[in-house]
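Quick one: the structure is below, questions incoming.
The first residue in the sequence is number 1, and the count goes up from there. One-based numbering, in listed order, for ligands and for the atoms of each.
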Amino acid sequence: MTLEKVLSTIDDNLPAATERLMELLRIPSISTDPAFHDACEAAADWLVKDLASLGVEARKYPTPGKSMVVGHVGDRGPHLMFYGHYDVQPVDPLDLWERDPFDPEVQDGPDGPVIRGRGAADDKGQLMTFVEACRAWKAVHGSLPCRLTFFFEGEEESGSPSLIPFLKEHADMLRADLCLICDTGLFDAQTPAITTMLRGLLGEEIIITGPNKDLHSGLFGGAAINPVHVLTRILAGLRDEMGRITVPGFYDGVPELPKDIQAQWEQLGFDAAEFLGSVGLSVPAGEAGRSALEMVWSRPTCEINGIIGGYTGDGFKTVLPSKASAKVSFRLVGTQDPHALRKAFREQVRAGVPADCTVEFKEHGNAPASVMPTDDPAFEKARLALSDEWPRPAAFIGSGGSIPIAGYFQDILGVDSMLIGFGLDDDQIHSPNEKYNMSSFHKGTRSWARILAALT
Ligand code: BES
Ligand code: ZN
């Protein structure tokens with residue numbers, strides 16, 4: 001049977017596929033840092049070339065930010081679009097990495113070999129599972145199974161600023177019957193998953209200025225206002241003692257979880273103690289009376305992602321700083337409106353800034369939450385295909401992360417997305433020593449071959 005042949009081709013070519021992924025991982029395509037702009041373009045060029053080797057007509061489309069890579073192949077059967085992102089997160093703190101983040105290596109791990117390096121799991125390794133499945137398919141069949149559009153973005157980790165204009169301008173080129181996105185996780189190492197709910201994201205930076213220069217905290221302390229104190233009071237006020245977010249109107253559009261989904265999630269046997277224990281914690285934080293799984297998959301949150309201000313170097317400096325700033329993100333669910341919440345958040349911050357200080361805001365992306373249409377027959381076909389590959393049957397799960405494009409595809413192109421990925425909670429995405437299990441890469445590639453067979 002030809003699917004078996006495709007699967008055995010994937011098995012035979014795993015070392016070569018791994019080597020190709022290593023090449024891509026060596027390119028430091030950090031999208032948020034302008035110093036790595038050329039590296040992002042180099043990653044896009046690498047992908048154009050790699051797609052060309054599959055007979056896909058691909059090219060870069062420049063944007064005001066990073067280039068998009070779009071490729072097309074085939075003219076029969078359903079039209080599937082595949083999306084992944086080639087940009088990665090910054091690597092700091094660099095001293096916590098065991099090796100150069102852009103000098104990837106296959107290492108032995110407690111659960112088998114892992115590919116270690118920035119972007120291994122998020123999202124270069126995942127992106128290549130689909131590409132490698134196509135390569136094996138083509139080697140066996142001489143062509144790909146249906147009409148395919150490949151769409152790779154280089155700004156996902158920095159809030160996709162060029163994406164909406166690009167989708168609007170190229171809607172006809174990108175419109176497909178269904179989009180496949182490989183940027184999410186397994187439920188656990190045995191259980192594959194289709195992610196059916198993603199949280200939205202609202203990012204804000206607040207910069208508070210007090211005195212017009214840094215001051216001696218002895219000469220001025222007490223009389224001069226300290227912007228770090230102003231900032232921290234405002235930040236502390238964002239949550240009340242029950243863990244609820246205090247921004248007015250924040251819970252408008254936050255639904256209670258439907259009973260059927262709640263029942264499905266309960267059956268997954270999620271172990272909250274193990275989830276928290278894996279990061280050295282034991283007591284659930286956040287909203288009182290909500291389970292850890294519920295808080296991550298279906299409740300909104302507000303997190304301070306960074307605080308900058310004053311002297312943070314070695315030793316001690318008695319400074320009263322002129323400026324203090326913070327980066328804050330909100331994860332959104334249901335129909336929470338990122339634009340309305342940005343406005344309400346800014347009003348709340350302004351109300352906490354005393355007369356002698358000024359505040360500036362910078363916007364860092366806004367995307368509503370998305371819920372996928374699981375009644376589309378493609379979901380059941382993919383669920384069965386995944387269940388054939390992995391030890392346990394596939395689950396429909398939620399996710400606390402955000403992939404803004406899923407909502408944009410729906411709103412701008414009218415295209416639904418199916419989110420299937422092979423990452424694990426211990427992959428350390430966005431953190432030092434990111435890794436992707438070789439089994440994720442290998443079985444992920446085999447999974448896509450099975451899904452392609454099921455959908456075409
Ligand atoms: N791949 C992640 C999101 C993710 C991870 C979803 C694991 C589900 C499981 C994605 O690249 C990511 O990190 N997105 C950012 C969004 C962004 C606008 C910076 C996020 O969720 O923080
Ligand atoms: Zn990602």
Could I get the full list of salt bridge (Lys or Arg N to Asp or Glu O under 4.0 Å) partners for D271, not counting sequence neighbours?
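Salt bridge (Lys or Arg N to Asp or Glu O under 4.0 Å) check on D271 returns nothing, list empty.
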
Ring center gap for F330 and F345 short of 6.0 angstrom:
yes

Mind counting the protein N, O or S atoms sitting less than 2.8 Å from the Zn ion (ligand 2)?
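The number of such protein atoms is 4.
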
Establish, for the pair R59 and Y61, whether the NZ or CZ atom is under 6.0 angstrom from the six-membered ring centre and no further than 45 degrees off its axis.
yes

Validation row, ring centre F275 to ring centre F270 under 6.0 Å
yes

F82/F130 aromatic ring centres below 6.0 Å
yes

Tell me whether the NZ or CZ atom of R244 lies within the 45° cone about the ring axis of Y251 and under 6.0 Å from its centre.
yes

Test: side chain to side chain donor-acceptor pair (under 3.5 Å). Region: residues 255-264. Which pairs qualify, not counting sequence neighbours?
E256-R290

Please tabulate, one line per pair, the protein N or O atoms found under 3.5 Å from any N or O atom of ligand 1, giving the distance to one decimal.
from     : atom 1 : to   : atom 2 : distance (Å)
ligand 1 : 1 (N)  : D122 : OD1    : 3.2
ligand 1 : 1 (N)  : D183 : O      : 2.9
ligand 1 : 1 (N)  : D183 : OD1    : 2.7
ligand 1 : 1 (N)  : D183 : OD2    : 3.2
ligand 1 : 11 (O) : H85  : NE2    : 3.1
ligand 1 : 11 (O) : D122 : OD1    : 3.0
ligand 1 : 11 (O) : D122 : OD2    : 3.3
ligand 1 : 11 (O) : E156 : OE1    : 2.7
ligand 1 : 11 (O) : E156 : OE2    : 3.4
ligand 1 : 11 (O) : E157 : OE2    : 3.1
ligand 1 : 11 (O) : D183 : OD2    : 3.4
ligand 1 : 13 (O) : E157 : OE1    : 3.4
ligand 1 : 13 (O) : H430 : NE2    : 2.8
ligand 1 : 14 (N) : E156 : OE2    : 3.3
ligand 1 : 14 (N) : S402 : O      : 3.0
ligand 1 : 21 (O) : R331 : NH1    : 2.8
ligand 1 : 21 (O) : R331 : NH2    : 3.4
ligand 1 : 21 (O) : S402 : N      : 2.9
ligand 1 : 21 (O) : S402 : O      : 3.4
ligand 1 : 22 (O) : R331 : NH1    : 3.4
ligand 1 : 22 (O) : R331 : NH2    : 2.7

S162 and E155: side-chain donor and acceptor closer than 3.5 Å?
yes

Below 6.0 angstrom between ring centroids: does that apply to H85 and F152?
no

